[in-house]
Amino acid sequence: MFPLKMFNEMCDVIYPNLCLACSAPLNKNEKIICIKCQISLPKTDHAEYADNPIAKKFWGKVPVERAMALYHFHKSGRIQHLMHALKYKGRKDVGLRLGNLLGYQIKQFHLFPEVDFITAVPLHKDKEKKRGYNQSAVIGEGLSEVLSIPFNSEILQRKVYTDTQTKKSRLERWENVKSIFEPGDIELIRNKHILIVDDVITTGSTLESCAVSLTNIEGVKVSIAAIAHAEM
């Protein structure tokens, strides 16, 4: 055991575990995100106000019970570094951790007390196969762990493969995603409250399309939560 311990300590020196937000070496009691980053990540105040900027994106478009994002997204900022690791580096543990942090914020402010299911914005099967997983679903699983609300990835399905939204205008984003989602088991969610989870909200077009497909079902209520809000 002693030689193995020495070997592990040598590996930590040669290949140190780094914070995925700031690249600083992690202490032994830190995982994925260092304590300094966890404290200084740019939190929003969305949990405190029902009429926050995320909620306002859906006003007059689709009925949403409550909406919020946990952090502000800044280009080349720490949240972007975390999202990059989650989406392109295979770091599912980042998504689970961010989902946990989102869950702690929701519990602290007693948001979404009557939610029946958590689901995620779905990827097209081809894109999910290429990436290996749906990053929003991983976040949803982490959220489910904290809130003890069942996560169900089959509530929403994506019918059409769409191009990336990154460089599109607001109108182009909506045209790109309208009518591309459909509900899964309608009887399962009839008269239920569904919390839809996403990684980053920009215009809200994708989530609006998801919400429309669900609120067309009798008695279904929808709320929305995301890790970050990126202003255009």
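Judged by distance alone, with hydrogens and angles left aside, the side-chain atoms of Asn134 form a donor-acceptor pair with the main-chain N or O of Val121 at under 3.5 Å. At least one donor-acceptor pair closer than 3.5 Å links the side chain of Glu30 to the backbone N or O of Ile35. Of the possible donor and acceptor atoms, none in the side chain of Asp116 sits under 3.5 Å from a partner among the backbone N and O of Lys192. Ser209 contributes no side-chain N or O that, together with a main-chain N or O of Thr206, makes up a donor-acceptor pair within less than 3.5 Å. Without hydrogens or angle criteria, Thr215 side chain to Ala211 main chain gives a donor-acceptor distance under 3.5 Å.
Residues Leu20 and Val94 have side chains in contact (heavy-atom distance under 4.5 Å, counting atoms from C-beta outward). The shortest distance between side-chain heavy atoms of Val200 and Ile227 does not fall below 4.5 Å. Annotation: side chain of Leu147 is in contact with side chain of Ile106 (closest heavy-atom distance under 4.5 Å). The closest side-chain heavy-atom distance from Cys22 to Cys34 is below 4.5 Å. Within the 4.5 Å cutoff, side-chain heavy atoms of Gln38 are placed close to those of Leu101. Residues Ser223 and Ile194 are not in side-chain contact: their nearest non-hydrogen atoms beyond the backbone lie 4.5 Å or more apart.
Side chains of Glu218 and Asn191: a donor-acceptor N/O pair is absent below 3.5 angstrom, by distance only. Side-chain atoms of Asp198 and Ser136 form a donor-acceptor pair, as typed in the model, at a separation below 3.5 Å.
Under the 4.0 Å criterion applied to side-chain N and carboxylate O atoms, Glu128 and Lys125 are not assigned as salt-bridge partners.
Of the residues Val220, Ile149, Val115, Val222, the one that meets the side chain to side chain contact (heavy atoms under 4.5 Å, CB included) test with His193 is Val115.
Applying the salt bridge (charged side-chain N to carboxylate O under 4.0 Å, His left out) test to pairs two or more places apart or on separate chains, those with a residue in residues 90-109 are Arg91-Asp93. Pairs of residues two or more places apart, or lying in two chains, that qualify as ring-ring contact (aromatic ring centres under 6.0 Å, His included) and include a residue from residues 67-103 are His84-Tyr88.
The hydrophobic clustering, which links ILVMFWY residues whose side-chain heavy atoms are closer than 4.5 Å, places Val138 and Leu70 together. Cluster membership check: Leu102 shares its hydrophobic cluster with Phe151, using side-chain heavy-atom separations under 4.5 Å among Ile, Leu, Val, Met, Phe, Trp and Tyr.
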Under 3.5 Å, which donor-acceptor pairs do the side chains of residues 42-53 form with other protein atoms, sequence neighbours left out?
residue, atom, partner, partner atom, Å
Lys43, NZ, Gln105, OE1, 3.4
Thr44, OG1, His46, N, 3.2
Thr44, OG1, Ala69, O, 2.6
His46, ND1, Ala69, N, 3.1
His46, ND1, Ala69, O, 3.3
Asn52, OD1, Ile54, N, 2.9
Asn52, OD1, Ala55, N, 3.0
Asn52, ND2, His46, O, 3.1
Asn52, ND2, Tyr49, O, 2.8
Asn52, ND2, Ala67, O, 2.8

